[in-house]
Amino acid sequence: MKSYDVVINHKGFVSLDVIDDILHHLKTYLQSRQLDKKIKKRVYSLAVECVDNIYKHAELNKKNHKLIESYPPRFIVERIGDDYLIHTGNIILNKNVEIIVEKIKLLNNLNQKDIGVLYKESLSNAEISEKGGAGLGLIVMAKTTGQKIKFDFERINDKFSYFAMQLNIKK
Amino acid sequence: MKRIDISAADKSPQVIFDPENYLYEMKGNSRPENVRDFYYPIIDTLRKYFEKIVAENEILFFNRECFKFNFKLEYFNSASAKFISDILIIIKNSTEAKLNIKVYWYFDEGDDDMKEVGEDFSDMISVPFNFIMVKR
């Protein structure tokens with residue numbers, strides 16, 4: 001049986017301080033392990049993209065305390081043998097569901113070479129939003145993992161859905 | 001001439017723009033909390049500096065030395081990548097205007113992804129980079 005670690009298991013509101021804590025903890029863990037530099041770097045950089053994404057929805061969470069109790073933001077990093085899994089979860093607006101689904105489906109249907117081309121095009125065309133997002137996060141995730149992005153949506157009510165995503169980082 | 005001298009912090013890189021010594025350098029990690037506030041002034045300064053040289057026809061005088069761009073980044077997030085690409089567009093436009101510029105892209109031994117990002121960037125602006133592997 002493969003060895004198994006839960007490296008990070010965060011459920012609850014994500015603030016800048018929480019992000020700093022999570023990333024500090026992850027960095028310390030990665031430094032303590034005998035791992036390829038490449039894998040360490042990939043796990044860390046994907047973690048940053050994921051927590052940044054969750055943080056961008058923080059405003060939504062602040063205004064919906066009750067909802068958060070049942071659907072808390074989630075960020076989990078697991079090690080299974082030599083592979084790492086990152087699970088994220090957060091509330092999003094229903095109107096954004098389709099945009100995200102289309103984006104992930106497109107990425108999951110592209111090969112690595114085409115993802116590279118898309119990344120370069122997107123860099124030149126990206127506009128930075130007020131929240132500091134460049135819309136490049138998902139592309140970076142597909143590019144860095146080289147794996148399909150697993151995802152799921154659960155409809156909560158007329159306004160919100162819960163978006164769950166899983167990234168697989170293989171040695 | 002406007003210089004830039006920003007010290008490195010936990011989430012933002014050291015940035016030096018020293019026109020007198022023909023040097024621009026970025027070093028460290030980049031995931032600033034407010035990425036726009038961090039990068040806009042840097043990009044604005046660089047753009048104005050290089051555009052002025054071209055506009056005022058000072059190219060020959062500028063080209064008496066080679067302007068060096070050193071990228072010594074360990075990690076940057078995707079929003080920072082967007083701004084780094086904006087800096088590279090300034091380099092592209094300047095080299096197309098025949099300014100003498102060289103780009104040095106540093107990466108740690110074993111960090112193939114960082115080298116690959118540099119190759120992507122180089123490809124994107126059609127300017128060859130000099131890749132330098134750092135042993136730690």
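Within every chain, numbering begins at 1; the chains are lettered A, B, ... in the order of the sequence lines, protein sequences first and strands thereafter.
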Applying the 4.5 Å side-chain criterion to the ILVMFWY set and letting contacts propagate, would [X] and [Y] be lumped into a single cluster?
X	Y	result
A:I92	A:V101	yes
B:F38	B:I16	no
B:Y22	B:I132	no
A:Y162	A:L93	yes
A:L85	A:I76	no

Q. What option among A:V140, A:I139, A:V48 has the most heavy-atom pairs under 4.5 Å with chain B?
A.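 Top option by heavy-atom pairs under 4.5 Å: A:V48.
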
Q.
Looking only at heavy atoms and a cut-off of under 4.5 Å, which of A:K41, A:K40, A:K38 has the most pairs with chain B?
A.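 Greatest number of close heavy-atom pairs with chain B: A:K41.
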
Q) Heavy-atom distance under 4.5 Å between the side chains of A:K143 and B:D120, does that happen here? A) yes

Q | Residue A:D52 versus chain B: region with a heavy atom under 4.5 Å | A |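 Just the side chain, heavy atoms under 4.5 Å.
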
Q) Side chain, backbone, both or neither: which part of A:Y55 has an atom under 4.5 Å from a heavy atom of chain B? A)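 Contact with chain B is absent: no heavy atom of A:Y55 under 4.5 Å.
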
Q: Identify the two heavy atoms, one from A:G137 and one from B:S78, that lie closest to each other, and give their separation to 0.1 Å.
A: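 Nearest heavy atoms, A:G137 then B:S78: N-OG, 3.8 Å.
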
Q: Please list, in residue-number order, every residue in residues 84-100 of chain B that has a heavy atom less than 4.5 Å from any heavy atom of chain A; write 'none' if there are none.
A: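 The stretch touches chain A at B:S85.
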
So, taking the atom named [atom1] in [X] and the one named [atom2] in [Y], what distance separates them when rounded to the nearest 0.5 Å?
X	Y	atom1	atom2	value
A:S45	B:N29	OG	CG	11.0 Å
A:K37	B:D112	NZ	CG	11.0 Å
B:I125	A:L123	CD1	CG	11.5 Å

Q.
Which residues in residues 2-33 of chain A have any heavy atom closer than 4.5 Å to a heavy atom of chain B?
A.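 Counting heavy atoms that sit under 4.5 Å from chain B, the residues of residues 2-33 of chain A involved are A:L16, A:I19, A:D20, A:L23, A:K27.
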
For [X], is it the side chain, the backbone, both, or neither that has a heavy atom closer than 4.5 Å to a heavy atom of chain A?
X	answer
B:D123	side chain
B:D108	side chain
B:E109	backbone

Crowding at [atom1], [X] (>12 non-hydrogen neighbours, <6.0 Å):
X	atom1	answer
A:K148	NZ	yes
A:D83	CG	yes
A:E98	CD	no
B:K27	NZ	no

Q) Should A:R42 and B:D111 count as an ion pair when the cut-off is N to O under 4.0 Å? A) no

